[in-house]
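What follows is a short report on a single structure.
FYI, side chains are in, hydrogens and waters are out, and symmetry mates aren't considered; it's all heavy atoms of this structure. In this chain, numbering begins with 1 at the start of the sequence shown. Counting starts at 1 for both ligands and their atoms, following the listed order. Here the structure is a predicted model, which means the values were calculated and not measured.
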Amino acid sequence: MSNLSALWQPVRIGHVETRNRIYLPAHQPSLPPLEYGAYLAERARGGVGLIVTHGFHVHPASARAGVSPWEPAWADAVHKFVAPAKSLGCPVFVQITHMGASGTRRTDDMDLWGSVLAPSAIPSPVHRAMPKPMEEEDIAAVIEGFASTAANVQAGSGDGVEIHGSHGYLLSNFLSPYWNRRDDAWGGDTARRARLAVEIGRAVRKRCGPNFVIGIKLSLDEYLGDAGTNPNETVRVVQFLERERLFDYVCISHTDYHQNHKLVPPASSGETAPLAANAKLVREALAGRIPLLIQGSVRELNTAAQIVERGQSDLVGLVRAHIADPEIVNKAREGRADETRRCVGANQGCWRRLGQNLSCTVNPAAGRELTVGITVVKAAATPRKLLVIGGGPGGLKFADTAASLGHQVTVWERGARLGGQVRYAGQLPDYASWNFLVDDLEASLRRRNVDVRLNTEASAEAVATFGADEIVVATGARWQTSGFSTFRTDRDAIPQARGSHVLDPITALDNIEACGRKVLVVDDNGDYLPIGLARLLAASDREVLIVTSDAMSGRKMEATLDWPWVMPRAALAGVKLRTSTFVERIEAGQVELRSALSGAAERIAADTVVLCMMRESEDYLYHQLKARGLKVRRVGDCIAPREVDDAVLEGFREAQAVGAIA
Ligand code: SF4
């Protein structure tokens with residue numbers, strides 16, 4: 001890791017001082033107040049310099065069921081999630097927001113249903129709810145909502161508020177020439193579009209006084225060209241707001257819901273700090289009077305240090321890096337940066353679970369700090385001799401966790417490398433960061449002196465002879481090549497799917513050169529694997545067609561935000577797609593397809609067919625060991641084939657249950 005000294009300088013924001021230049025930006029883990037307090041405290045204990053909480057809604061037209069931050073009683077909840085981090089020396093600002101045109105009134109609480117409020121009648125491209133253009137009384141009520149919510153933050157011991165004016169939410173709607181089509185005192189030129197920000201800032205300052213931080217988060221670019229907010233317009237807004245001297249800091253984010261895949265880009269996007277270069281324009285507009293905070297796809301402290309050194313921002317926010325490893329800052333400061341557990345950027349546990357309790361593929365303790373946090377989990381009272389069979393993510397997580405608790409752990413892996421199918425994911429274009437998961441676990445096992453034996457086949461006899469106190473089976477799953485699909489209830493297999501030119505995806509990845517000139521990839525699982533494999537094949541000069549019975553290929557990639565980044569690249573690589581189409585039968589050199597819509601049949605040439613369909617558990621050894629009466633448990637795909645975060649979570653959970661088998 002290069003020189004990070006630029007990060008360790010304090011920064012003054014209003015009446016508070018941060019201990020360093022790294023902050024935890026707002027993000028939504030959907031936790032109750034006590035659990036949220038423990039979540040934030042874990043990151044404060046880990047060294048972060050400043051925390052900004054997720055957004056709380058200031059008005060019933062932008063409310064979540066059961067939470068009314070504008071009501072005085074909410075101050076008690078604020079204290080619960082703010083006080084633990086503050087007691088560890090970390091200031092906490094609470095973000096306050098109104099969703100505006102990007103909201104939906106269709107919450108669990110039907111009493112909250114009603115029209116969305118926005119400056120003009122332009123619907124969100126996501127929810128498509130036509131807003132009611134706000135009238136004077138609506139605007140006055142929202143200003144009052146911001147002020148009363150800020151007062152409750154102050155009463156709950158929050159150090160300040162961050163007023164959300166980005167992401168296509170209400171304040172950014174007013175600031176944006178695209179969203180704000182008004183011709184009254186709240187729309188038109190920059191000054192009138194910024195008037196709501198000014199009035200909210202004045203109302204909050206009046207209610208909370210001078211010793212309370214008020215920050216504002218702005219969208220640097222909505223990516224709507226001159227029609228919307230762009231960097232030049234943001235600089236004009238900042239210059240206008242600065243004349244009022246209302247705000248103690250400015251935070252820069254970006255986009256509205258037209259391009260919300262840019263909000264939390266997966267690692268496959270390749271994005272790194274896309275706001276940094278233009279953020280400098282905003283910092284110059286602030287002229288050093290108040291600090292600038294930026295966020296957005298900063299994954300490493302090295303990148304953050306460069307941003308600070310170049311004068312692009314005063315503080316730099318890292319969200320996912322902190323979810324993955326709450327101690328990332330302390331590890332760097334203490335010369336233990338190589339122990340950092342890196343985010344793989346797959347968005348499985350964070351973005352995909354938006355609205356549910358947060359999780360994390362590499363850190364299953366995220367969101368559960370009250371029960372399995374770093375200072376909560378204790379070493380095992382009775383260390384055991386443990387044998388792990390299978391070096392995929394579940395087995396490795398079990399081994400690492402068990403070793404951290406003081407157990408003596410041995411891992412047997414039948415292959416020549418650790419990582420299981422995650423290593424294959426890491427081979428796919430734009431998915432190399434999956435290797436972080438295995439590399440970091442391997443490094444941790446070395447530090448903990450876990451005995452790892454590669455090329456070691458586990459028979460029931462050998463396991464029994466080893467004499468472990470407990471055994472963990474993590475033998476994973478294999479791909480089926482029958483062509484069974486849950487979307488074809490009339491048959492259990494694709495006729496003739498077992499020909500030698502029919503491959504499963506792992507075999508194809510191991511033998512790209514053995515694939516013919518024309519390859520048909522069947523996407524029955526909606527994951528990135530069929531797309532990534534198709535891209536690899538296309539890059540090696542093959543004609544590739546992906547066929548799926550679904551209405552879209554790669555459907556699961558929508559939820560992780562990979563789809564808008566990856567699918568255009570597949571198209572540019574020459575990969576062809578056929579959706580709503582079944583593979584009716586496979587023959588030598590050709591395949592019969594049938595449209596799921598019209599029923600029309602067609603024959604196309606295919607030298608090789610790769611079936612990315614179902615997997616089945618490798619559970620034979622587990623049942624053998626169980627039948628022998630050995631103390632055995634299992635984790636991951638050998639229970640049922642699922643996703644990586646399931647395997648890692650089970651490895652983590654089962655390691656803490658060691659000793660519980662009678
Ligand atoms: S769930 Fe994945 S993307 Fe999200 S923080 Fe964890 S490792 Fe990173």
Side-chain angles (χ1 to χ4, degrees), residues 22-31 36 39-40 42-43 46 48 51 54 260-273 295-301 303-304 317-329 331 339-369 372-374 393-394 396-397 400-401 419 422 425-426 428 430-441 443-444 527-528 556-566 642-653:
I22 296 298
Y23 83 103
L24 181 68
H27 60 287
Q28 175 60 274
S30 300
L31 298 170
Y36 190 34
Y39 172 81
L40 297 178
E42 193 90 319
R43 276 81 197 159
V48 74
I51 288 172
H54 71 79
N260 67 357
H261 62 286
K262 292 187 172 174
L263 272 180
V264 189
S268 62
S269 68
E271 293 277 284
T272 299
Q295 59 182 91
S297 297
V298 180
R299 303 174 196 284
E300 298 178 356
L301 294 181
T303 310
L318 288 79
V319 173
R320 285 172 289 181
H322 271 109
I323 298 173
D325 192 339
E327 299 180 293
I328 179 174
V329 172
K331 285 178 177 175
E339 295 180 20
T340 302
R341 188 172 46 231
R342 291 170 292 177
C343 163
V344 295
N347 281 355
Q348 287 185 332
C350 48
W351 178 263
R352 191 174 62 175
R353 289 182 58 82
L354 198 62
Q356 303 169 278
N357 291 0
L358 172 118
S359 176
C360 175
T361 300
V362 302
N363 177 23
R368 302 190 298 139
E369 287 75 11
V372 287
I374 294 167
L396 293 182
K397 188 64 183 177
D400 187 48
T401 310
V422 170
L428 300 172
D430 302 321
Y431 281 76
S433 60
W434 270 116
N435 289 311
F436 294 168
L437 169 60
V438 183
D439 291 344
D440 291 347
L441 282 168
S444 187
D527 221 328
Y528 178 64
K556 282 188 187 170
M557 295 197 299
E558 271 197 309
T560 54
L561 301 181
D562 290 271
W563 202 97
W565 297 99
V566 167
R642 288 155 295 154
E643 301 199 19
V644 179
D645 54 352
D646 293 294
V648 175
L649 170 64
E650 284 166 7
F652 179 72
R653 191 164 58 199

Could you walk me through whether Tyr528 and Leu428 satisfy the side-chain contact (heavy atoms from CB on, under 4.5 Å) test, starting with their C-alpha distance in whole Å, then the side-chain angles of each, then the deciding distance to 0.1 Å, before giving a yes or no?
CA-CA 9 Å; Tyr528 178 64; Leu428 300 172; 3.7 Å; yes
Checking Asp562, Thr560, Asp430 against Ser268 for side-chain hydrogen bond (donor to acceptor under 3.5 Å, both in side chains), the one that qualifies is Asp562
Metal site atom 4 (Fe) of ligand 1, protein N/O/S atoms found under 2.8 Å:
1
Given Trp565 and Met557, is the side-chain contact (heavy atoms from CB on, under 4.5 Å) satisfied, shown in steps?
CA-CA 10 Å; Trp565 297 99; Met557 295 197 299; over 6 Å; no
Taking Arg352 first and then Asp645, would you say they form a salt bridge - that is, a charged N and a carboxylate O separated by under 4.0 Å?
yes
Where is the tightest heavy-atom contact between Arg299 and Gly345, given as atom of each residue plus distance?
NH1-CA, 4.5 Å
Indicate the atoms forming the closest heavy-atom contact of Asn363 with Ile323, along with that distance.
ND2-O, 2.9 Å
